[in-house]
**Student:** 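Submitted below is the structure of interest, expressed as structure tokens.
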2 protein chains.
Amino acid sequence: MANLQPGKPLDMAAIKVACANCNLHNLCLPLGIDTRDIERLDDIINRKRPLARGEYLFQAGAPFHAIYAIRSGSVKSFTATEDGQEQVTGFHLPGELVGLDAISSDTHNCSARALETTSVCEIPYPQLEELSALMPSLQRQLLRVMSREILQDEHMMMLLGRKAADERLAAMLMSMSNRFKQRGFSPREFHLSMSRNDIGNYLGLAVETVSRLFTRFQEDGLLETERKHVRILDLARLSVLAGANRISPDE
Amino acid sequence: MANLQPGKPLDMAAIKVACANCNLHNLCLPLGIDTRDIERLDDIINRKRPLARGEYLFQAGAPFHAIYAIRSGSVKSFTATEDGQEQVTGFHLPGELVGLDAISSDTHNCSARALETTSVCEIPYPQLEELSALMPSLQRQLLRVMSREILQDEHMMMLLGRKAADERLAAMLMSMSNRFKQRGFSPREFHLSMSRNDIGNYLGLAVETVSRLFTRFQEDGLLETERKHVRILDLARLSVLAGANRISPDE
DNA sequence: CCGCTTTATTGACGCAAATCATTGTTTGTC
DNA sequence: GACAAACAATGATTTGCGTCAATAAAGCGG
């Protein structure tokens, strides 16, 4: 974000974009960093103009120079398979970081596109690395965020490897629900910014299967959908389905 | 590894276990770190007695206090699903780090077991974090290794989400082949230390499917197997299958 | 060396989900 | 406001892979 000058407390634009004033800062990189140090982090962050739906945050193959934190809106990241099809690797909500997989290769391996009007904070990586060496709390948080990403990916591997279609969709919906809740929104009613196609792609399912599952969930009284708007009626049951064992089909 | 005392150059045990003398050090954490600093890294590393096949390196739920580098042998890591079944999340060869997913939660989320007689280097995490703050090159490499892990997991997600059974096994074999090659072994002939069960579990396939695929690959002249010993006959074709497009089934 | 357990291979069968096909609905553009 | 393009829903059909079952081979402890 733009530099926050302590001498200009009335500059709304500057205030709004400072990490210290961002209501996401305990979900994001500044977590666990004290106020003085957050300002130093602020200083290296660039605020970009909002992206329109469909715009690229970065594209696969581009040289890597920054990671991005979502401030508002949402983003999908995806790689291309060898045969040119895309594979969605994640959906990112405000407070989440995108581009961490590019650190090792100095090149973006996946692309990221805005799913709706989205604003992001650009964090130049060389400077982040440098600052991390000076601020143990930042280094610590950066490593934690990356570790969490690994954990989530492992969770996803389990989902794709072992779970049935309905369990996958339920898990995805529960994940969204929990993340919206974390961000102060309703866990029972929200807007899915991605298409059914993206959902299917992400979950390793055909679009048709996703569509059918939404209608089945609705028939079963689990939820109601109106296009991309979802209202969960039975959060408990959905949660069970998401982490369900398939032990007793005898009832 | 045990502290290497400069005054005792004839202490073979001490020499052998020092990072500086380890032939894996350009695959492992010391990559890109100069000789002087490697010694400081050495100082915090503990060398453990070799683990027998089946022994746990750590178990899920245990408090996290160290990450591990494989020195020799191999390890599988796995989580338990809600219904108590296990899901293999990775196989680890010498030079690779295990336990990175525990950093964010202070608790091991997955277990790691030796697939054969295995020796590892234990790297206490608090000290590693501390040292990283002092050594930019170490911090840099640690972040790179974690980023690479994220990248690999994304690759795995694509495998599980989009690829057919034969492509998955081919990709897994190619991965092993490449990793053996990196370590100075033959890329065409190697020993798979894990069971068919583990392979199937890892790839999201039934054991029977893995078995059938091995026989099919053999019939197709791609490879020869004798139990766990694999000899790849047509590396090129296997590689194509691993990253294959499914465009032209018309031949 | 012999039974016992674990692991691997192979076959028959069924089902969950992919694919194909059609229609309806929404969104964006000129 | 009309048209095209993208998206969503639903039915019909096919198929890849999981499940079940049986046998064989290998590893292991006494």
Side-chain angles (χ1 to χ4, degrees), chain A residues 52-55 76 83 85-88 113-117 159-170 191-219 223-230 241 244 246-250, chain B residues 52-54 76 81 83 85-88 113 115-117 159-170 191-219 223-230 241 244 246-247 249-250:
Chain A
R53 176 187 145 92
E55 269 191 279
K76 74 165 173 180
D83 48 341
Q85 299 190 346
E86 76 178 50
Q87 159 73 24
V88 174
R113 277 182 99 173
L115 288 166
E116 58 194 308
T117 304
L159 202 74
L160 294 171
R162 304 239 81 75
K163 303 248 179 146
D166 55 354
E167 297 172 316
R168 296 189 202 181
L169 183 59
H191 179 85
L192 291 175
S193 57
M194 70 295 293
S195 68
R196 299 288 137 102
N197 225 313
D198 285 337
I199 295 175
N201 190 308
Y202 177 59
L203 296 175
L205 300 172
V207 207
E208 295 93 325
T209 305
V210 175
S211 218
R212 277 186 258 269
L213 284 172
F214 268 117
T215 50
R216 213 183 78 198
F217 283 179
Q218 218 152 347
E219 286 164 7
L223 48 77
E224 285 172 357
T225 57
E226 161 109 33
R227 203 99 190 129
K228 297 190 164 178
H229 189 87
V230 176
L241 183 56
R246 292 250 127 187
I247 291 174
S248 48
D250 53 24
Chain B
R53 175 187 146 90
K76 74 166 173 180
T81 59
D83 48 340
Q85 299 189 347
E86 77 178 49
Q87 158 73 24
V88 175
R113 277 182 98 171
L115 289 166
E116 58 195 308
T117 306
L159 202 74
L160 294 171
R162 304 240 79 75
K163 304 248 179 142
D166 55 353
E167 297 171 316
R168 296 189 201 181
L169 183 59
H191 179 86
L192 292 175
S193 56
M194 70 295 292
S195 69
R196 299 286 137 104
N197 225 313
D198 286 337
I199 295 175
N201 190 309
Y202 177 58
L203 297 176
L205 300 172
V207 207
E208 295 92 326
T209 304
V210 175
S211 216
R212 277 186 259 268
L213 284 173
F214 267 118
T215 50
R216 214 184 76 197
F217 283 178
Q218 218 152 345
E219 286 164 6
L223 47 78
E224 286 172 356
T225 56
E226 162 107 31
R227 205 103 187 125
K228 298 191 165 179
H229 188 86
V230 176
L241 183 57
R246 291 251 128 187
I247 291 173
D250 53 23

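Order of the sequence lines fixes the chain letters, A, B, ..., with proteins taken first and strands second; residue numbering starts at 1 for each chain. Remember, it's a predicted structure, so these values are computed and weren't measured experimentally.
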**Student:** To the nearest angstrom, how far is A/Leu160 atom CG from C/dA17 atom C1'?
**Tutor:** 15 Å

**Student:** Figure out the CG/C1' separation between A/Asp166 and C/dA16, and round it to whole Å.
**Tutor:** 10 Å

**Student:** For A/His229, which residues count as a side chain to side chain donor-acceptor pair (under 3.5 Å) partner, sequence neighbours excluded?
**Tutor:** A/Glu189

**Student:** Between the axis at one end of the helix from C/dC1-D/dG30 to C/dC30-D/dG1 and the axis at the other (five pairs apiece), what's the angle to 10 degrees?
**Tutor:** 60°

**Student:** Using a heavy-atom cut-off of 4.0 Å across all strands, would you classify B/Gly204 as base, sugar-phosphate, or nothing?
**Tutor:** sugar-phosphate

**Student:** For B/Ala206, what residues pass the side chain to side chain contact (heavy atoms under 4.5 Å, CB included) criterion, not counting sequence neighbours?
**Tutor:** B/Glu208, B/Thr209

**Student:** According to side chain to side chain donor-acceptor pair (under 3.5 Å), who are the partners of A/Arg113, at least two apart in sequence or on a separate chain?
**Tutor:** none

**Student:** Under the criterion side chain to side chain contact (heavy atoms under 4.5 Å, CB included), I'd like the reasoning laid out for A/Val230 against A/Phe217: C-alpha separation, chi angles, the key distance, then a yes or no.
**Tutor:** CA-CA 11 Å; A/Val230 176; A/Phe217 283 179; over 6 Å; no

**Student:** Nearest whole Å is fine: how far is C/dA16 P from A/Arg216 CZ?
**Tutor:** 9 Å

**Student:** With a strict under 4.0 Å distance from non-hydrogen atoms of chain B, what nucleotide opens and what nucleotide closes the contacted stretch of DNA chain D, reading 5' to 3'?
**Tutor:** D/dC17 to D/dA26

**Student:** Taking salt bridge (charged side-chain N to carboxylate O under 4.0 Å, His left out) as the definition, give me every residue that meets it alongside B/Glu116, ordered by chain and number, with sequence neighbours left out.
**Tutor:** none

**Student:** Using side chain to side chain donor-acceptor pair (under 3.5 Å) as the criterion, list what pairs up with A/Ser211, not counting sequence neighbours.
**Tutor:** none

**Student:** Sequence neighbours left out, what passes side chain to side chain donor-acceptor pair (under 3.5 Å) with B/Thr215? Give chain and number order.
**Tutor:** none

**Student:** Output all residues satisfying salt bridge (charged side-chain N to carboxylate O under 4.0 Å, His left out) with A/Glu224, sequence neighbours left out; order by chain, then residue number.
**Tutor:** A/Arg231

**Student:** Would you tabulate the pairs of protein nitrogen or oxygen atoms and nucleotide nitrogen or oxygen atoms of nucleotides 5-9 of chain C closer than 3.5 angstrom?
**Tutor:**
| residue | atom | partner | partner atom | Å |
| --- | --- | --- | --- | --- |
| C/dA8 | OP1 | B/Arg196 | N | 3.2 |
| C/dA8 | OP2 | B/Arg196 | N | 3.1 |
| C/dT9 | OP1 | B/Arg196 | NH1 | 3.1 |
| C/dT9 | OP2 | B/Arg196 | NH1 | 2.9 |
| C/dT9 | OP2 | B/Ser211 | OG | 2.8 |
| C/dT9 | O5' | B/Ser211 | OG | 3.1 |

**Student:** Who passes side chain to side chain contact (heavy atoms under 4.5 Å, CB included) against B/Thr117, sequence neighbours left out?
**Tutor:** B/Pro50

**Student:** Provide the full list of salt bridge (charged side-chain N to carboxylate O under 4.0 Å, His left out) pairs with a residue in residues 192-202 of chain A, sequence neighbours left out, each pair given once.
**Tutor:** A/Lys76-A/Asp198

